[in-house]
Amino acid sequence: MNYEIALLQRRHLDQGIEICCDEDDSTLTLPPCEDEEPCMDGRCPTCGSRLIDLLTTFVERDPAAVSRRWAVGSFAINSVFAPADSDEQVDLAAIKSALTDISDCLNDGESSFLGWLGIFIDQWGGTGRKIGALRFLYSGDLLNEDYLAKRILFEKFGDEAQPLEPWQPFTFGLGCEELLYGYCYASRSKYAVEPVLDSLRLAELALNYGQHRITDRLVTHGLAIAGGKIVISPGSSWPVFLNTFEDPATTRALNMEPNP
């Protein structure tokens, strides 16, 4: 995730909001956001970027995380969507509930779980729908029990829960981080991404998300915040609470492919 792209998206998003909304309409108003005073709004690309940076630093550099074996799963939920060119809010509550149930099911008191959710535009599928999706990393005794997560998703969504990639060992990188980035074109059949930069489409997507905090799209257990960083915390069963970022996001490359 490239922080400069996030800054550009934030500027374009503010322009789209100014065009779309009346002065008396606060539905889409975003608070000011600076590196020193992040707004922590879930619709803010720069706060999404900095949260991604924090998560990536944890999974790639924290000695306790690096020394563990992890598995990863990611799914698109086809029944949770907004049509193309629609600004109706996508109700992500059922996806978050599913992530919470998966976390609870895999929690043995010593395990760690990091899950997140968001929406993407199904550009390569040709529909332009905004589709809800989830991803999680898990480390614990149930590492190979992928049927547990699949069972929960099937019970909640049936065949509408489609894997974005197979359950597999986690090797490098956060993956599907664009679900927290918040504004991207992607595909269920070919998970490559391209950032949205059109001002009006960004405003539309912000309305699709609705007002929330950026950390509202995280579900965790066995993790905590210490010294402004995410750390392993065996037995912790509540989501990590974060109300600021200690350091600005580093500049990292966004995995992009041209939009055909």
Side-chain angles (χ1 to χ4, degrees), residues 1-11 13-14 17 26-65 89-93 95-97 99-100 102-104 107 112-119 132 134-137 174 176-184 202 205-252:
M1 165 61 203
N2 188 308
Y3 190 53
E4 277 66 35
I5 292 178
L7 290 171
L8 183 60
Q9 278 198 323
R10 174 66 199 235
R11 289 197 293 270
L13 174 57
D14 289 341
I17 292 172
S26 61
T27 305
L28 191 50
T29 302
L30 268 68
C33 188
E34 302 290 344
D35 283 347
E36 294 78 13
E37 295 185 19
C39 66
M40 304 301 291
D41 194 293
R43 301 161 297 178
C44 175
T46 55
C47 284
S49 171
R50 298 181 72 180
L51 180 57
I52 289 166
D53 191 72
L54 184 70
L55 300 179
T56 304
T57 298
F58 164 69
V59 300
E60 292 183 359
R61 301 179 189 175
D62 183 88
Q89 184 170 345
V90 179
D91 187 355
L92 297 172
I95 296 181
K96 185 168 184 179
S97 174
L99 262 181
T100 301
I102 293 171
S103 173
D104 291 343
N107 190 352
S112 296
F113 181 92
L114 171 60
W116 62 98
L117 63 146
I119 60 178
L134 63 89
R135 183 175 177 85
F136 59 87
L137 307 179
L174 198 59
C176 293
E177 59 203 44
E178 299 79 21
L179 294 180
L180 280 175
Y181 182 46
Y183 305 99
C184 65
L202 285 167
L205 287 165
L207 286 167
N208 291 144
Y209 271 108
Q211 186 175 8
H212 65 287
R213 285 176 53 84
I214 187 62
T215 49
D216 288 345
R217 299 212 306 276
L218 288 182
V219 173
T220 69
H221 75 246
L223 303 174
I225 297 289
K229 300 182 183 299
I230 295 177
V231 297
I232 300 289
S233 178
S236 298
S237 58
W238 52 86
V240 295
F241 178 75
L242 184 69
N243 57 12
T244 190
F245 298 104
E246 293 295 317
D247 302 303
T250 58
T251 300
R252 295 188 288 112

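Quick note: numbers below take in every heavy atom, side chains included, and nothing from hydrogens, waters or symmetry partners. Remember, it's a predicted structure, so these values are computed and weren't measured experimentally.
The side chain to side chain donor-acceptor pair (under 3.5 Å) test applied to Asn107 returns no partner, not counting sequence neighbours. Residues forming a side-chain contact (heavy atoms from CB on, under 4.5 Å) with Thr220 (at least two apart in sequence, or on another chain): Leu114, Leu223, Pro239, Val240. Scanning for side chain to side chain donor-acceptor pair (under 3.5 Å) contacts around Thr57 gives an empty result, with sequence neighbours left out. Legend: residues meeting side-chain contact (heavy atoms from CB on, under 4.5 Å) with Val90, ordered by chain and number and at least two apart, are Val80, Ala82, Leu92, Ile119, Asn208. Residues forming a side-chain contact (heavy atoms from CB on, under 4.5 Å) with Asp216 (at least two apart in sequence, or on another chain): Lys96, His212, Arg213. Residues passing the side-chain contact (heavy atoms from CB on, under 4.5 Å) test with Pro31 are Cys39, Asp41, sequence neighbours excluded. Checked against side chain to side chain donor-acceptor pair (under 3.5 Å), Ser236 has the following partners two or more places apart in sequence or in another chain: Ser233. In terms of the side chain to side chain donor-acceptor pair (under 3.5 Å) criterion, residue partners of Ser97 (sequence neighbours excluded) are, by chain and number, Lys156.
From Ile17, atom CD1 reaches atom OG1 of Thr29 across 7.0 Å, with rounding to the nearest 0.5 Å. Between the OG atom of Ser49 and the CD1 atom of Ile5 there is a distance of 9.5 Å, given to the nearest 0.5 Å. One distance of note links CD1 of Ile214 with OH of Tyr209; it measures 8.0 Å at 0.5 Å rounding. The distance from atom OG1 of Thr244 to atom CG of Leu242, rounded to the nearest 0.5 Å, is 7.0 Å. For the atom pair NZ (Lys229) and CG (Leu55), the distance works out to 12.5 Å, reported to the nearest 0.5 Å. Going from atom OG of Ser237 over to atom CG of Asp104 covers 8.5 Å, rounded to the nearest 0.5 Å.
Side chains of Leu51 and Leu218 form a contact here, defined as non-hydrogen atoms less than 4.5 Å apart. Considering only heavy atoms from C-beta on, Val219 stays 4.5 Å or farther from Leu134 through its side chain. Within the 4.5 Å cutoff, no side-chain heavy atoms of Val231 are placed close to those of Phe58.
Ring planes of Phe113 and Phe136: parallel class, angle under 30° (limits at 30 and 60°).
Contact record, Leu99 with Gly115: CD1-C, 3.9 Å, taken as the closest heavy-atom pair. In terms of heavy atoms, Gly227 sits closest to Glu246 at O-CG, 4.2 Å. When all heavy atoms are compared, the tightest approach of Cys33 to Arg10 is CB-NH1, 3.6 Å. In terms of heavy-atom proximity, Ile232 sits nearest to Ser112 at CD1-OG, 3.6 Å.
Put simply, the side chain of Arg217 gets close to the backbone of Gly42: a donor and an acceptor are under 3.5 Å apart. Judged by distance alone, the side chain of Tyr183 and the main-chain N or O of Arg43 form a donor-acceptor pair under 3.5 Å.
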